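The block underneath contains the structure these notes are about, expressed in structure tokens.
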Amino acid sequence: MDLFEKCRQFTRANETKAMGLYPYFHAIEENEGPVVRIGGRTVIMAGSNNYLGLTADPRVKEAARKAIDKYGTGCSGSRYLTGTLDLHVELEKRLAAFFGKEDCLLYSTGYQTAQGIIPTLVQRGEYVVSDKDNHACIVAGNLMAAGANALVNGEAKTIVRYKHNDMNHLESVISKLPVEAGKLIVSDGIFSTSGEIVNLPEMVRIARKYNARILVDDAHAVGVIGKGGRGTASHYGLEKETDMTMGTFSKTFASLGGFVVGDSVVIDYLKHQAPALIFSASPTPSSVAAALAALDILEKEPERIDRLMKNARKMRTGLAHMGYRVGEHDSAVVPVIIGDTEKVLRMWRGLFDAGLFVNAFIRPGVPPGMEMLRTSYMATHEDEHLDKALEIFRNVGKSLGVIT
Ligand code: PMP
């Protein structure tokens, strides 16, 4: 059969488009942060991860412009060879200091960061112990580690998964692994779909008992929780016990790129051994400069975090009050669980038509019964935006019979 036959057979997206319910790839024509322009209409954005609203901040934009003037538009090489700028080194130093770790390494995306760490560290006879609900980039990193080890070993018993945020199950699976083998426990800090925070204190206890290292993906936690937005380890006061924290510049840092902080001996190893770093071009000058400017603002204006959390709490409470089933975790992500694909798509369309953009998460991206509208908030949402968003949720939910 022709390789492309599966593409011709794939009709789901076109069917959804024909029904007028397609929620993806809508082009944004202008973006001020809390308000965007799509199809010539002004829409309130409640689906972005621009948590501190810094993509539209004049200081961040100016830093990006200046970097283009000084260094040009791209680095045209990997960090390893011709792609290291003084800006990359500066951002690495600043992030290491921010997180209180010895060293830091930048990657070109957060997705690539997981692939730069996991398969590089977890080698033959070693194990990655991973939460079942971890982000796709961790899953991909795990599979790469397993694939590489299978090529060498002829078997792929590298990945061990435990039930979502279930530390009893984590202990039960890790206790069955060879005591002397190297082990990496990896988890999202704040889970991207539910907004739930990992049970790091228990994880740390288990890691110590069973001789494992910890990697936390703080993509949704930096700038959101912890002291001054320092993420999950800081939230629990477990900075020293958390071996590595990775993150992205595509959310709080208003840019594009990824990073990992940890011991300098580990960072140095990754720097010289990770194919995802060595064989891929470094983040562009404007991306790095924007992230640096965003970090400056995060350090100088921690009140933005309070505003972000206040906004998310207002929405969580308001939506729950109307009768929606919402995630109860105190983060910037507020999932509205609808539990049915067609209802999610109809709700999405109704909200969009009324001037509100949220994200539709349906199967296979979420388990059955968890089909949802994932909403997320920014420090720069004003009360008028949120009041309007709540009013739209009320009207659309009632008209579709999702709430009474
Ligand atoms: N980790 C998590 C938990 C994420 O949610 C994301 C992005 N959605 C990433 C990593 C990937 O980051 P990036 O967008 O920089 O590739």
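Note that this is a predicted model, so its numbers are computed, not measured. In listed order, ligands and their atoms are each counted from 1. Atoms considered below: every heavy atom in the structure, side chains included; atoms not considered: hydrogens, waters and symmetry mates.
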Check whether Tyr377 forms a cation-pi arrangement with Arg316 (NZ or CZ under 6.0 Å from the six-membered ring centre, at most 45° off the ring normal). no

NZ/NE/NH1/NH2 to OD/OE distance under 4.0 Å, Arg205 and Glu202: yes

Cationic N near anionic O, under 4.0 Å, Glu15 to Arg12: no

Exactly which residues line ligand 1, taking a heavy atom under 4.0 Å from it as the test? Thr109, Gly110, Tyr111, His135, Cys137, Asp188, Ser192, Asp217, Ala219, His220, Thr248, Ser250, Lys251, Gly257

Quick check on Arg94: does its CZ atom have over 12 non-hydrogen neighbours (other residues, nucleotides or ligands) under 6.0 Å away? yes

Should the pair Glu62-Arg65 be classified as a salt bridge under the 4.0 Å nitrogen-to-oxygen rule? yes

What residues, two or more places apart in sequence or in another chain, satisfy side chain to side chain donor-acceptor pair (under 3.5 Å) together with Glu301? Arg59, Arg304

